[in-house]
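Take a look at the structure below.
Scope of the values below: all heavy atoms of this structure, side chains included, with no hydrogens, waters or symmetry mates.
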Amino acid sequence: MRVASSISFMDCTSPTGRRPSRAGAPAPRGASPFRLAGAIEGAMRFSQAFIPTVKEVPKDAVDASHILLLRGGYIRMIGSGIYEMLPLGQRVLKKISSIIRDEMDASGAQEVLMPAILPASYFQETGRWDVYGDVLMRLKDRRGGDYHLGPTHEEIITDMIRREVKSYRQLPQLLYQVQMKYRDEPRPRAGLLRCREFLMKDCYSFDVDIDAARNSYEKMRETYVRIFDRLGLGYRVVEADSGSIGGDTSAEFQVLAQSGEDAIVACTRCDYAANVEIAESKQDETGDVDHSKTPERELVETPGAKTIEQVVAFFQKRDADFSAKRTIKSLMVAYGDEQAPSFAMALVRGDHELNEIKLARALGVDEVRLASDEEVGRLLRCKTGYVGPILQEAATFDGKVFADPAVAALADAVCGAAKTQYHYEHVALGRDFEAEVTPLRQVAAGDLCVKCGGALESYRGIEGGHIFILGTHYSSKMNATYLDEKGESVPIVMGCYGIGVSRLMAAAIEQHHDDDGIRWPMPIAPFQAVVLALGNDDEVQKEAEQIYERLRAAGVEVLFDDREERPGVKFKDADLIGIPIRVTLGKRSLDQGRAEVKLRDQKEPELFPIGDIVAQVTRVITEAGS
RNA sequence: CGGGGCGUAGCGCAGUUUGGUAGCGCGCACGGUUCGGGACCGUGAGGUCGGAGGUUCAAAUCCUCUCGCCCCGACCA
């Protein structure tokens, strides 16, 4: 065992593993006036910490953040999509939420805490008890009453507000909470990125009218920008679909990462950025398509050519220049009542993808789905793969047909003949078939920006935050009204603003890691620095301990690796856990009166006189900001 | 919900085809040697083979049912 240092009184436990006596603890914990900005309480000895790192890759983990959180001893899974936070994980969560709380408070929002377990009546009031379906974690109490765990809290907070707010004088209000949310996801995956229980900061604004609500929304947008900046994450604010939460205006804060679930496009020239679900690009030229020279339509037998790829391969045999850009992809979709669905046909150019959300909007419905093979057969009398807008006689389909502008721009195209094993050659919209022209396709890299005409780039992102103007969607359903100056009853205008706290912890790793482990941005690292004492030389141990004590006295969150482990083990663990600053002391450097400082982001260490270490470390932390 | 895969020691895996003493690596405990990038030698502890039922003299292994986990898709603030 190590020799106790005379200044180790602030330790959680003494080096002997026993608690220090009260009398020996002059400074109350958490009272250090020297704490650096962004620091949370705590320094720790590795030998006494609960940091169970593992060498081998857990078999069920695939994503970098999942693997590293498990290996680094941050989290453990106890059920599908349900995780425990170990001390390191909890520290990171605390740091992220304290930055969030700091900025939320600064924006004027007030923190509340609502229950996680909710009586069914609130969601029944807005219809979400049914709409949310299987995603709601439902329970019954002993008397058979219906309850559920909160997936989000619009109804509850709207109720809180409607009971108390009666007058315009009581508005605006801006309330938030940091709380566990529960969603029975169809498929939890990727560790903390998609859980059934997750930590979320949710905030709700209540305003007198839409203009005031826009103000709140703008204020939150700015607050979010400050939060994401402070977290040290690379992100884009993108226009987004509002989804099932309702409302019109919304923006997502997307943490950029190759492994992200969401595809987004961003302009290389201006600030336009959007989720591909709703992204638009500059309209393709559609005016004056000249098909006067287009040859007569021709029915071609195309055995086995079911996919665009196969069709292209078939026509390339005659014309080497033929490409998917000269084909029309025809898709049958079903919408409306699932018992008796309606059908529509969507046409996009062969090299484009259909955006179902855009099609749904064109149809004026919430969602559409691709028609089944059986449905296509019944409506068109042909197999999928040969669908086309020019129907054969036996077809019974009489729904709407929509075409993307890029299809309208084709003067001489190939499309399915709506007859199994056949395609048409030389067809053109307006001559051979009719369709309503509206943007339907998924925007892709290289398309032109709707705002400025610049080229769009594509990224992948992880949705870390989402802000919405809800309007009166909830307040009108729940009768949350106030009396205005004229004494008239008016529905409150709402907004809601979420940040996935636990998800951000994983997102940060997806964005910041290498082969050796995590590379935490300074503001959210569980510790700012780690001190490694190498070898079992008494002098080295003593000196390293002094450095550790001086760092903590200076307010640095520091982990002291005092374990009786070989150097390699300590280096590997330090890299894995991902602490930004590593201070290493070994016999060699001690003999020169020096210790080594290495940043997790850098390859090479730097040697400094031992007396300068504290200054160096605090300088790096200060420069990293938070 | 559709498709695929996997459940054997704390972790990672072999053993299942062809039924017959449950194994390996890591980790853990003890002793020794080592000590700047996951050391080495020796000794040792640790397993209802996911669960239930069945076939059999005999089941990790064959059959039936069931539970759980992962991946792809569908879905998703």
Could you write out each protein N or O paired with an N or O of nucleotides 22-25 of chain B at a distance under 3.5 Å?
unit_1 : atom_1 : unit_2 : atom_2 : d
B:rG25 : N2     : A:E56  : OE1    : 2.6

List, with names and distances, any nitrogen or oxygen atoms from the protein found under 3.5 Å away from nitrogen or oxygen atoms belonging to nucleotides 33-41 of chain B.
unit_1 : atom_1 : unit_2 : atom_2 : d
B:rU34 : O2     : A:R566 : NH1    : 2.6
B:rC35 : N4     : A:N536 : ND2    : 2.6
B:rG36 : O6     : A:G586 : N      : 3.4
B:rG36 : O6     : A:S589 : OG     : 3.4
B:rG36 : N1     : A:E596 : OE1    : 3.1
B:rG36 : N2     : A:E596 : OE1    : 2.7
B:rG36 : N2     : A:E596 : OE2    : 2.9
B:rG37 : O6     : A:R582 : NH1    : 2.9
B:rG37 : O6     : A:R582 : NH2    : 3.3
B:rG37 : N1     : A:D575 : OD2    : 3.1
B:rG37 : N2     : A:D575 : OD2    : 2.3
B:rG38 : O2'    : A:K55  : NZ     : 3.3
B:rG38 : O6     : A:R71  : NH2    : 2.7
B:rG38 : N1     : A:D573 : OD1    : 3.1
B:rG38 : N2     : A:D573 : OD1    : 3.0
B:rG38 : N2     : A:D573 : OD2    : 3.3

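Residues satisfying the ring pair (Phe, Tyr, Trp, His ring centres under 6.0 Å) test with A:H153, not counting sequence neighbours, are none.
Between the CZ atom of A:F198 and the C1' atom of B:rC76 there is a distance of 10 Å, given to the nearest Å. Regarding A:R189, its CZ atom lies at a distance of 12 Å from the P atom of B:rC76, rounded to whole Å. In this structure, A:E155 places its CD atom 13 Å from C1' of B:rA77, rounding to the nearest Å. Atom P of nucleotide B:rC71 and atom CD of A:E261 are separated by 11 Å, given to the nearest angstrom. Rounded to a whole Å, the CE atom of A:M494 is 17 Å from the P atom of B:rA77. Counting to the nearest Å, the P atom of B:rC75 and the OH atom of A:Y132 are 17 Å from each other. Rounded to a whole Å, the CE atom of A:M180 is 16 Å from the C1' atom of B:rA77. Distance CZ (A:R128) to P (B:rC76): 14 Å, rounded to an integer number of Å.
Taking the centre of each ring, A:W520 and A:Y74 come in below the 6.0 Å mark.
The pair A:R519-A:D575 does not meet the salt-bridge criterion, since no charged nitrogen lies less than 4.0 angstrom from a carboxylate oxygen. Salt bridge annotation for A:R196-A:E185: absent, with no cationic side-chain nitrogen under 4.0 angstrom from a carboxylate oxygen. Between A:K570 and A:E564, no side-chain nitrogen of the basic residue sits less than 4.0 Å from a carboxylate oxygen of the acidic one, so the salt-bridge criterion is not met.
Figure legend: cation-pi geometry between A:R45 and A:F560 absent, as NZ or CZ is not positioned both under 6.0 Å from the six-membered ring centre and within 45° of its axis.
The nucleotide B:rC24 finds its pairing partner in B:rG12, both defining distances of the Watson-Crick or G-U wobble pair being shorter than 3.5 Å. For B:rC6, the paired base is B:rG68 (Watson-Crick or G-U wobble, both distances below 3.5 Å). Base pairing analysis places B:rU48 opposite nothing; no Watson-Crick or G-U wobble pair with both distances below 3.5 Å involves it. Across the strands present, B:rC62 finds its partner in B:rG54; the criterion is a Watson-Crick or G-U wobble pair with both atom distances under 3.5 angstrom. Nucleotide B:rA39 is matched to B:rU33 when pairs are restricted to Watson-Crick or G-U wobble geometry with both distances under 3.5 angstrom. For B:rC76, there is no paired nucleotide, since no Watson-Crick or G-U wobble pair has both relevant distances below 3.5 Å.
Using C1' as the reference atom, B:rA14 and B:rG25 are 11 Å apart when rounded to the nearest Å. B:rC63 and B:rU17: their P atoms are spaced 9 Å apart (whole Å). Here, B:rG4 and B:rU16 have their P atoms 24 Å apart, quoted to the whole Å. Distance noted for atom C1' between B:rU21 and B:rA59: 14 Å (whole Å). Nucleotides B:rU61 and B:rU55 have their P atoms positioned 15 Å apart, rounded to a whole Å. On the P atoms, B:rC40 is 16 Å away from B:rU34, given to the nearest whole Å. As rounded to the nearest Å, B:rA9 and B:rC49 have P atoms that lie 10 Å from one another. Comparing B:rG7 with B:rG47, their C1' atoms sit 14 Å apart, to the nearest whole Å.
Within 6.0 Å of CD in A:E353 there are 12 or fewer heavy atoms belonging to other residues, nucleotides or ligands. For A:D591, the CG atom counts as densely surrounded, since its 6.0 Å shell holds more than 12 non-hydrogen atoms of other residues, nucleotides or ligands.
Inspection of the A:Q254 and A:Y235 side chains reveals no N or O donor paired with an N or O acceptor under 3.5 Å.
Residue A:M77 is classed as a sugar-phosphate contact, given heavy-atom separations below 4.0 Å to backbone atoms only. Within 4.0 Å (heavy atoms only), A:V135 reaches no atom of the nucleic acid at all.
Counting distance only, with no hydrogens placed and no angle test, the side-chain atoms of A:R194 and the base atoms of B:rC76 include a donor-acceptor pair under 3.5 Å.
Ring orientation note: the planes of A:H466 and A:F468 are close to parallel, at an angle under 30° on the 30°/60° scale.
Within the 4.5 Å cutoff, the side chain of A:T152 has heavy atoms near those of the A:R128 side chain.
Comparing A:A190 and A:L193 against RNA chain B, the residue whose closest nucleotide sits nearer the 5' end is A:A190. Position along RNA chain B of the nearest nucleotide to A:P188 versus A:K181 favours A:P188 as the more 5'-ward residue.
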